[in-house]
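Written out below as structure tokens is the structure these notes cover.
What you see below is based on every heavy atom in this structure, not just the backbone, and it leaves out hydrogens, waters and symmetry mates. Nothing fancy with the numbering, it's 1 onward along the sequence.
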Amino acid sequence: MRARHGLQGLLRGLRRIEPAPGEMRPPVADSELLLRVLCHEFRTPISTLTSLTRALADEQRELSGADRRAISELARDQAVHLQSLLCDATAGTGALALAPQPERAVPLAGILREAAALVPAGRRRARATRRAGACPVPAGRTRRVLVNLVENALRHGPPDGQVGLYATVRGPGVSVLVTDEGRVDDALLSALRRPAPVVGMSGLGLWIVRQLLVPDGGALRVHRLRPRGVALEVLLPTAHRLG
């Protein structure tokens, strides 16, 4: 993905609504919450695999060779993640979904391509500066974060609205924006403020994203776009700075 002139303008035009990093904390050790996290983490790869296989089977949807490769890579990674969850669940490992694990570092560009492939081409906007695309990031956690945010944008934005992924280097790390044409509402702000999700699945995905960012010292912020839209920004130190 190549940066276009509009990327810097978009970044300058962000209106930050709520900082979330000060309220992020390690996962809550609660069996009922862990069960909900596990159910959500099963739902995400199953939903992703359903979308990916539907895209591959859709004869009306034109896919480039790069799109097909990205879809295949993401499908493989989601299948591996699902198998890992299943193995941990049958082994009775309670904190499987959020426990930090050592991870290999990969260039951000590949993960951005995989996450962008979830969005139909006509609704997709994906741009990254060359420096940002080359930044090393933890592979598994970053992929889970971006897939969660893209699925959230597809679920809560307008059915035919644009979904964007934008990446640039900011300070000592990298900034990734996931945008949609929805709006900042009380439910979104509450999901970003609360230290633990409410009962049920509402807001759980964003809470999981926040927890996944904790081990790497990352942050999740929300911005209002003008004239309309929402941007969720992931701020992540590059992997060479991670312990």
Next item on the list: May I ask you to test the E233-L235 pair for a side-chain heavy-atom distance under 4.5 Å?
Entry: yes
Margin query: Any heavy-atom pair between the side chains of V230 and L225 that's under 4.5 Å?
Written below: no
Margin query: Working note: D216 + R141, criterion side chain to side chain contact (heavy atoms under 4.5 Å, CB included); need CA distance, chi angles, decisive distance, verdict.
Written below: CA-CA 9 Å; D216 304 316; R141 285 191 293 274; 2.8 Å; yes
Margin query: Does atom CG (D186) have a neighbourhood of more than 12 heavy atoms from anything else shown, all under 6.0 Å?
Written below: no
Note to self: Return the CZ to CD1 distance between R69 and I71, rounded to the nearest 0.5 Å.
What the structure shows: 11.5 Å
Next item on the list: Look up atom CG in L220 and atom CG in N148, then write down how far apart they are to the nearest 0.5 Å.
Entry: 10.5 Å
Checklist line | Close side-chain approach of V163 and R125, heavy atoms under 4.5 Å | finding: no
Margin query: Taking T50's backbone N and O only, do any of them form a donor-acceptor pair with T53's side chain (distance below 3.5 Å, no angle check)?
Written below: yes
Item checked: Audit row: L177, L232, side chain to side chain contact (heavy atoms under 4.5 Å, CB included) steps and yes/no -> CA-CA 6 Å; L177 295 172; L232 287 170; over 6 Å; no
Note to self: Are the side chains of P136 and V106 in contact, using a 4.5 Å heavy-atom criterion?
What the structure shows: no
Check: What distance do L165 atom CG and T179 atom OG1 have between them, rounded to the nearest 0.5 Å?
Finding: 7.5 Å
Check: Got R221 and H223 here, is their nearest side-chain heavy-atom distance under 4.5 Å?
Finding: yes
Next item on the list: Could you check V234 against S175 for side chain to side chain contact (heavy atoms under 4.5 Å, CB included), going step by step and ending with a plain yes or no?
Entry: CA-CA 6 Å; V234 175; S175 165; over 6 Å; no
Check: What are the two closest non-hydrogen atoms of A167 and L108, and how far apart are they?
Finding: CB-CD2, 4.0 Å
Note to self: Would you compute the distance between atom CZ of R76 and atom CD of E73 and round it to the nearest 0.5 angstrom?
What the structure shows: 5.5 Å
Next item on the list: Might you point out which heavy atoms bring G182 and P158 nearest each other, and give the distance in Å?
Entry: N-CD, 3.7 Å
Check: Can you tell if the side chain of V176 reaches within under 4.5 Å of the side chain of Y166, non-hydrogen atoms only?
Finding: no
Margin query: Within the 4.5 Å heavy-atom criterion, are T168 and V174 side-chain neighbours or not?
Written below: no
Notebook entry, point to check: Is it true that a side-chain atom of R124 and a backbone atom of A116 form a donor plus acceptor pair closer than 3.5 Å?
Noted result: yes
Check: Does some side-chain heavy atom of L52 sit less than 4.5 Å from a side-chain heavy atom of S72?
Finding: no
Checklist line | R210 side-chain N/O to A191 backbone N/O, donor-acceptor pair under 3.5 Å | finding: yes
Notebook entry, point to check: CZ of R155: more than 12 outside heavy atoms within 6.0 angstrom?
Noted result: yes
Next item on the list: Apply side chain to side chain contact (heavy atoms under 4.5 Å, CB included) to R143 and E114, showing your working.
Entry: CA-CA 8 Å; R143 184 177 293 108; E114 292 178 19; 2.9 Å; yes
Next item on the list: Run through V147, L112, L236 and flag the one making a side chain to side chain contact (heavy atoms under 4.5 Å, CB included) with T142.
Entry: L236
Check: How far does CZ of R123 sit from CG of L154, to the nearest 0.5 angstrom?
Finding: 5.5 Å
Item checked: Nearest-0.5 Å distance, CG of residue L192 to CG of residue L188 -> 5.0 Å
